[in-house]
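One structure is given here, and the rest of the page talks about it.
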2 protein chains.
Amino acid sequence: MEKPATIKDIAKRLNISLSTVSRALRNASDVNPDTKKAVMALSEELNYQPNKLALSLRQKQTHTIGVIVPNLDYVLSLMVRGIDEVALEAGFTVMVCQSNESFGREILNTRRLLESLVDGFIISVSSESKSFDHFKKIQERNLPVVVFDRVTPHLTAPSVRIDNEEGGFVATEHLIEQGYRRIAVLAGPENLGVSNSRMDGYLNALKKHKIKKDPALIVHCDFNQDYAYFATLELLAMKKRPDAIFTISDRMAIGAMLAIKKKGLRMPEDIGLVGFNNEPVTSLVTPSISSVEMPSFELGKAAAKLFIETMHNKENMDLEEKILKPKLIVRESSQKLPIKK
Amino acid sequence: MEKPATIKDIAKRLNISLSTVSRALRNASDVNPDTKKAVMALSEELNYQPNKLALSLRQKQTHTIGVIVPNLDYVLSLMVRGIDEVALEAGFTVMVCQSNESFGREILNTRRLLESLVDGFIISVSSESKSFDHFKKIQERNLPVVVFDRVTPHLTAPSVRIDNEEGGFVATEHLIEQGYRRIAVLAGPENLGVSNSRMDGYLNALKKHKIKKDPALIVHCDFNQDYAYFATLELLAMKKRPDAIFTISDRMAIGAMLAIKKKGLRMPEDIGLVGFNNEPVTSLVTPSISSVEMPSFELGKAAAKLFIETMHNKENMDLEEKILKPKLIVRESSQKLPIKK
DNA sequence: TTCCATTCCGGCAACGTTGCCGGCAACCAT
DNA sequence: ATGGTTGCCGGCAACGTTGCCGGAATGGAA
């Protein structure tokens, strides 16, 4: 009961050859029903498990997917669970690596997973990454790559994401409908596609409602509660301060909220606030924060499904692009008008 | 630039044998400096990476650690990052599996990781697990197992955890010092060691301060915000309702807080509240919630270090037990008395 | 009896790597 | 000249598995 049993053990005890055992265990063709039964029985008894290493070495497939994410916050860990779900179902194991939003770490993770001989990658890019050569190297090796959530035009690959522009649009339009007019946006790093798309949605909403864009109200800062806090303080210190803020993540919304409270302003009366991601915390703070919800779990599942598709017909790499819809959840922080019946 | 280069490729191009290349790449002994240089140069040029599969197959070691956690909430994902940190440093890769607090899932994960031929396990048990045979099977295979955070007396293995009893004690004593007398405890499932230890600390604090234990104030419920919410509602509906609640997790504290607010009671005036874990959300809600902080990242690192130790001297399995200290963070929810200078 | 088809099985090679062993020079010392 | 030592290298086997091929035994048909 020490070492796991191998095919050889079975063959020896049954006095038959390795090949026969192998065939018996797999496809029944070309093997006597009796010997097959015997093999099955013994393999059961010895609790035989085929050695994955040997299998992988032989058929040059590890049935492992490398997943690279910038962090494991609420939404991303939900997405990873979605990926896991589908991957397991399809017989794949996933290896998750966090890049911690660091470019260097992302390269390191890529290399490590490549060394582990994963069959392909499902990636959400770090906010710090400006070059994508390390990912292109993967594709040069002909391994399937699927990008999810944080996509980038610089990487040509099938992708799954939500409609970020739409998300930014509904958030902003909601603020406008609530009567806010000087709406600021706290955006992420300038090179982050997700952030820019949400900002595009913001701009579209302004345009639709004929509100002039004010560059002073567009602030880029790090994806981080503290940065958002200080950025908001600066916004609130303006002569003509904004009367609403749309942040492209909830963590930033929290920072903004703290700054607003610090300044003694009330939400939604003095200032409106809408975040993005619909993390549970948004409903727990006072006032509760409106936020754009995304179907994270579904998004993860979709990414894994797309990966498996891509893997199965590499020839027909059509660069599929799957886009899910976000949904605004209105809470106290932006509900200025009485709720219409 | 398609398939990764192998030792064979190098040998062929240099017209030398496989063995020589292998030796040249590894230890310099028994190989001519010139040929060694040539091999090194070519391997650099071809970007040679030893095939991990073949290596693992040969030396029966995958340099992979299987990590099983009940979920990836704030503390656990911090711990996993700590594990990752140390493991990477030591040349190990980690595979993380979530059991989702499900017993069946935990068994499945164990089997999957075993199939993946991990070199050992670092485990935090699910709250649902009442049997531990699946883990014992690992040990029968002579693979090292380290338990962390959620330990259990039913599993004999080196472990790393915090002093949960101490945590429960300081939380409770703090409430007593603030003048609360009818202190309830929201505990987790009855079979969960962590929960019971924290409760023991609670009981010790009562005893020390000569407060009689009231069984009606000890409530077991699922590790879950909603359950905690309803359990708290029931507590508050008692004739002689508690004047403080200690919950053994922050998620439960949130549930309790919502129930308290629902009832229109004020914290800390009408009722005190202390949670456990010091999740960021505790400082964001109103009132902010006191909580027992644990050094999660450090704990993860310690677990990985212990694992590597255990792995290196299996003979000397001394069942080391490493215990870190928790620390109470006092916030509004329990600060009834003015702060002493 | 001869020939062919069918059924079942074993041998061999290969995936990429390393460890062990043996061997061939060359050199030095006797 | 002979023997031993040293430096360097190649061959072989093995890790556990599968795919291919060839072959023995059996049966049936001509």
Side-chain angles (χ1 to χ4, degrees), chain A residues 2-40 42-43 46-64 91 114-119 141-143, chain B residues 2-40 42-43 46-64 91 114-119 141-143:
Chain A
E2 274 277 334
K3 296 289 148 202
T6 73
I7 276 194
K8 204 188 279 185
D9 299 327
I10 300 183
K12 226 176 273 174
R13 295 230 338 218
L14 255 43
N15 254 327
I16 53 180
S17 78
L18 300 183
S19 328
T20 307
V21 178
S22 172
R23 255 168 298 155
L25 287 170
R26 237 160 336 115
N27 49 353
S29 100
D30 255 31
V31 48
N32 188 309
D34 288 344
T35 54
K36 188 185 166 193
K37 232 172 275 176
V39 169
M40 286 306 197
L42 188 56
S43 85
L46 297 183
N47 191 23
Y48 168 75
Q49 303 273 17
N51 184 308
K52 267 202 179 179
L53 254 34
L55 269 176
S56 300
L57 181 61
R58 183 105 226 288
Q59 56 205 34
K60 294 175 170 304
Q61 266 210 54
T62 53
H63 295 281
T64 304
L114 230 27
E115 274 175 23
S116 293
L117 299 169
V118 297
D119 291 342
R141 283 218 199 168
N142 234 334
L143 295 181
Chain B
E2 273 279 333
K3 296 289 148 204
T6 74
I7 277 194
K8 204 188 278 184
D9 299 327
I10 300 182
K12 226 177 272 174
R13 295 227 343 213
L14 254 43
N15 254 328
I16 54 180
S17 78
L18 299 183
S19 328
T20 306
V21 177
S22 173
R23 255 168 298 155
L25 287 171
R26 235 162 335 118
N27 50 352
S29 99
D30 253 33
V31 48
N32 188 308
D34 287 345
T35 54
K36 188 185 165 193
K37 229 172 279 175
V39 169
M40 287 305 197
L42 188 55
S43 84
L46 297 183
N47 190 23
Y48 168 75
Q49 302 274 16
N51 184 309
K52 267 202 180 179
L53 254 34
L55 268 177
S56 300
L57 182 61
R58 183 105 226 287
Q59 56 204 36
K60 292 173 171 305
Q61 266 210 52
T62 53
H63 294 280
T64 304
L114 230 28
E115 274 175 22
S116 293
L117 299 169
V118 297
D119 292 341
R141 283 217 198 169
N142 234 334
L143 294 181

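Below, chains carry the letters A, B, ... as their sequence lines are ordered, and counting in each starts from 1.
- Considering CG of B:L53 and CG of A:L55, their distance stands at 10.0 Å, rounded to 0.5 Å.
- Distance CG/A:L143 to CG/A:L114: 6.5 Å, rounded to 0.5 Å.
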Shorter than 3.5 Å, N or O on both sides, protein versus nucleotides 25-27 of chain C: list them out with atom names.
none

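- Remark: the backbone N or O of A:K52 is paired with a side-chain donor or acceptor of A:S56 at under 3.5 angstrom.
- Contacts of B:T35 with the nucleic acid, taken as non-hydrogen atoms under 4.0 Å apart, involve only primed sugar atoms and P, OP1 or OP2.
- Along DNA chain D, the nucleotide closest to B:A54 and the one closest to B:K36 are compared, and the more 5′ of them pairs with B:K36.
- Taking the C1' atoms of five terminal pairs at each end of the helix from C:dT1-D:dA30 to C:dT30-D:dA1, the two resulting helix axes are inclined by 70°, rounded to 10°.
- Rounded to the nearest 0.5 Å, atoms CG (A:L25) and CE (A:M40) are 5.5 Å apart.
- At the heavy-atom level, B:I16 lies under 4.0 Å from the strands shown only through sugar-phosphate atoms.
- Applying side chain to side chain contact (heavy atoms under 4.5 Å, CB included) to B:V21 and the options B:L14, B:L42, B:V39 leaves one that passes, B:V39.
- The NZ atom of B:K36 sits 11.5 Å away from atom CG of B:D34, with the distance rounded to the nearest 0.5 Å.
- The 5' end of DNA chain C is approached more closely, in terms of each residue's nearest nucleotide, by B:L57 than by the other of B:R26 and B:L57.
- Side chain of B:T6 to backbone of B:K8: a donor-acceptor contact under 3.5 angstrom is found.
- Judged by distance alone, with hydrogens and angles left aside, the side-chain atoms of A:T62 form a donor-acceptor pair with the main-chain N or O of A:L117 at under 3.5 Å.
- Between the NZ atom in B:K60 and the CG atom in A:N51 there is a gap of 7.0 Å [rounded to 0.5 Å].
- For the atom pair OG (A:S22) and CD1 (A:I7), the distance works out to 4.5 Å, reported to the nearest 0.5 Å.
- Checking B:S17 against A:T6, the closest nucleotide of DNA chain D that is more toward the 5' end is the one next to B:S17.
- Backbone-only engagement by A:N32 is indicated by non-hydrogen atom pairs under 4.0 Å involving sugar-phosphate atoms exclusively.
- Nearest heavy-atom pair, A:R141 versus B:P4, reported as atom, atom and distance to 0.1 Å: NH1-CG, 3.8 Å.
- Between chain B and DNA chain D, the heavy-atom contact criterion of under 4.0 Å yields a 5' to 3' nucleotide range of D:dC8 to D:dG16.
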